[in-house]
Amino acid sequence: MSEKTLTEEYVSKFSEKTPKSREIWLKLRKLTPYGVHSNWRVFEPHPLMLQKAKGSRVWDVDGNEYIDYTMAFGALVVGHANPVLLEKVKQKMDEGTIYGYETELSCKLSEVVTRRYGFDMVRFSNTGSEGTLLAIRLARVATGRSKILKFEGHYHGSHELLMVGVKPDLKHAGHPKKPRSVPTGFPYHVVPKELAENVVVAPWNDAEAIEEIMKVHGNDIAAIIMEPVAMNMGVVPAKKDFMVFLRKIANEYNSLLIFDEVKTSGMWYRGAQEYFGVKPDIMVAAKAIGGGFPFAAVLASKELLELVGPRKVPHGGTFNANPLSVYAAYVTLTELLTESNLAYTHKLSEELAKGYRDIIEDKGFEAHVVQVANKGTIYFSREEINTWRDFVLKVKWGPWYVWTLGMVIRGIIPQAMAYDEQWTISIMHTRDDIQKTLEVANIVAAEMKGRATEAIAIEESI
Ligand SMILES: Cc1ncc(COP(=O)(O)O)c(C=O)c1O
């Protein structure tokens, strides 16, 4: 009889440890596609079903405890069930959950947010997708142009305007310096051709290619939108001079620069502008700034944001600036995501990255770690990853899968459970968590060394 591979061994252990998760998932699968209400949660052999969470920990329905680095895909830099936040929000709930009116607190929060990020005005909504949608709309109206330049591999939410060149299959993606505008879901007709044609896709971190693309399309480009640190392909920060170049070329062609900071706004006190020294025309902040409540903010100059209004640029939302999200964001930004608390998350993140690097070196793995602020990931490749093509062609996800399972069966969720994600360190993680994580990582690495780490087939989720 042939010996089990390490992958098979870990899959069996995972299944043995999580039977109730599987049972619920099998039921749910009959009621919703793939048994998940967001495509990003698909995981083989089945996703975990969670029951409760506190601080850096989550518990699944089988009673297993995990140190969690998913942190709700980056939405929880405050940590799970942060006691300061929960206590206040619980009290607030007694005053009602939603009014359909503005509040004094939405005024106070607007002041806090505009001051913190250095913009004149702001509009609130609930999700990152809603935020990027408004940003694009604003850019089109402000410039009178239709086209948007976005980067291959960058994700800006689940709406048709930007679901182009997100995770394209390289079979269809064209030349690396001049990528085709491949709509998400292609060849399914998800994004109408006319919408896809308005999205010009460019390679990340390649100034030369963008200069050429702008020569052709620049005068039609309403905005250049980006994730300043691309985090739907691991962690790929813009090179600092590339960011300076983007600001310059946007100015040159009178195009607007949009920072999609749905993930990065939880990394630094003032967001990506603090790290890159470059200020966008429009900033979209979401996820972490709501402290785990649905909240997004679009920030810009008065001139730009005053385009929004009745019979002008549409922007509405029943749940926009609802009192619970607003209060949660207010407490999060004024008491929790402070400069010193964020510095603490950076420190722990550095320690985790260093520990992982030592293990990789010790075991001679073909891997490297990229860490920026409170985010990071292990790439199973020795080569530097600068673009989506690098990510697809150079990174092996088989070892990533085995690594993840090996960690999860021992009580560590090392990052959001998809190979294009990253870890998030919250203000409630501790040095002890990092130490425990590295102890487990050492055990998994020792098991992986010398064993085949081929991946089982996983269905394309997106
Ligand atoms: C960079 C970026 N932009 C936009 C979004 C969409 O945000 P939401 O899922 O809140 O709609 C995401 C979600 O992960 C994201 O990572």
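Both counts, for ligands and for their atoms, begin at 1 and track the order of listing. Model, not experiment: these values are computed from the prediction. Quick note: numbers below take in every heavy atom, side chains included, and nothing from hydrogens, waters or symmetry partners. Residue numbers start at 1 and run along the sequence shown.
Two residues are said to be in side-chain contact when any heavy atoms from C-beta on lie closer than 4.5 Å; T437 and Y69 meet this criterion. Within the 4.5 Å cutoff, the side chain of M214 has heavy atoms near those of the L149 side chain. Side-chain atoms of Q371 and W423, non-hydrogen and from C-beta on, do get closer than 4.5 Å to each other.
Counting only heavy atoms of the protein, atom 3 (N) of ligand 1 lies nearest to D260 OD2, 2.7 Å. Looking from atom 10 (O) of ligand 1 to the surrounding protein, the closest heavy atom is G128 N, 2.9 Å. Scanning the protein for heavy atoms near atom 5 (C) of ligand 1, the closest one is V262 CG1, 3.8 Å.
Ligand-side atoms of ligand 1 in range of H156: 3 (N), 4 (C), range being under 4.0 angstrom from any heavy atom. With ligand atoms numbered from 1 in the order given, ligand 1 contributes 10 (O), 11 (O) to contacts under 4.0 Å with heavy atoms of T127. Which parts of ligand 1 touch S129 is read off a 4.0 Å heavy-atom cut-off, strictly below it: atoms 6 (C), 7 (O), 8 (P), 11 (O). For ligand 1, the atoms lying closer than 4.0 Å to a non-hydrogen atom of E227 are 1 (C). Under a 4.0 Å criterion applied to the non-hydrogen atoms of Y155, ligand 1 contributes the atoms 1 (C), 2 (C), 3 (N), 5 (C), 12 (C), 13 (C), 14 (O), 15 (C).
Side-chain atoms of H80 and D68 form a donor-acceptor pair, as typed in the model, at a separation below 3.5 Å.
Scanning K263, K287, E421 for the heavy atom closest to atom 14 (O) of ligand 1 points to K287.
Residue contacts with ligand 1 for N232 involve side-chain atoms from C-beta outward but no N, CA, C or O (heavy atoms, distance under 4.0 Å).
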Acceptor/donor pairs from residues 107-114 side chains to any protein atom, 3.5 angstrom cut, sequence neighbours excluded:
unit_1 : atom_1 : unit_2 : atom_2 : d
S110   : OG     : S106   : O      : 2.6
T114   : OG1    : S110   : O      : 2.7
T114   : OG1    : E111   : O      : 3.2

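Using cut-offs of 30° and 60° on the angle between ring planes, the pair Y419 and W397 is tilted.
Using a cutoff of 4.0 Å between basic side-chain nitrogens and carboxylate oxygens, R123 and E130 are not scored as salt-bridged.
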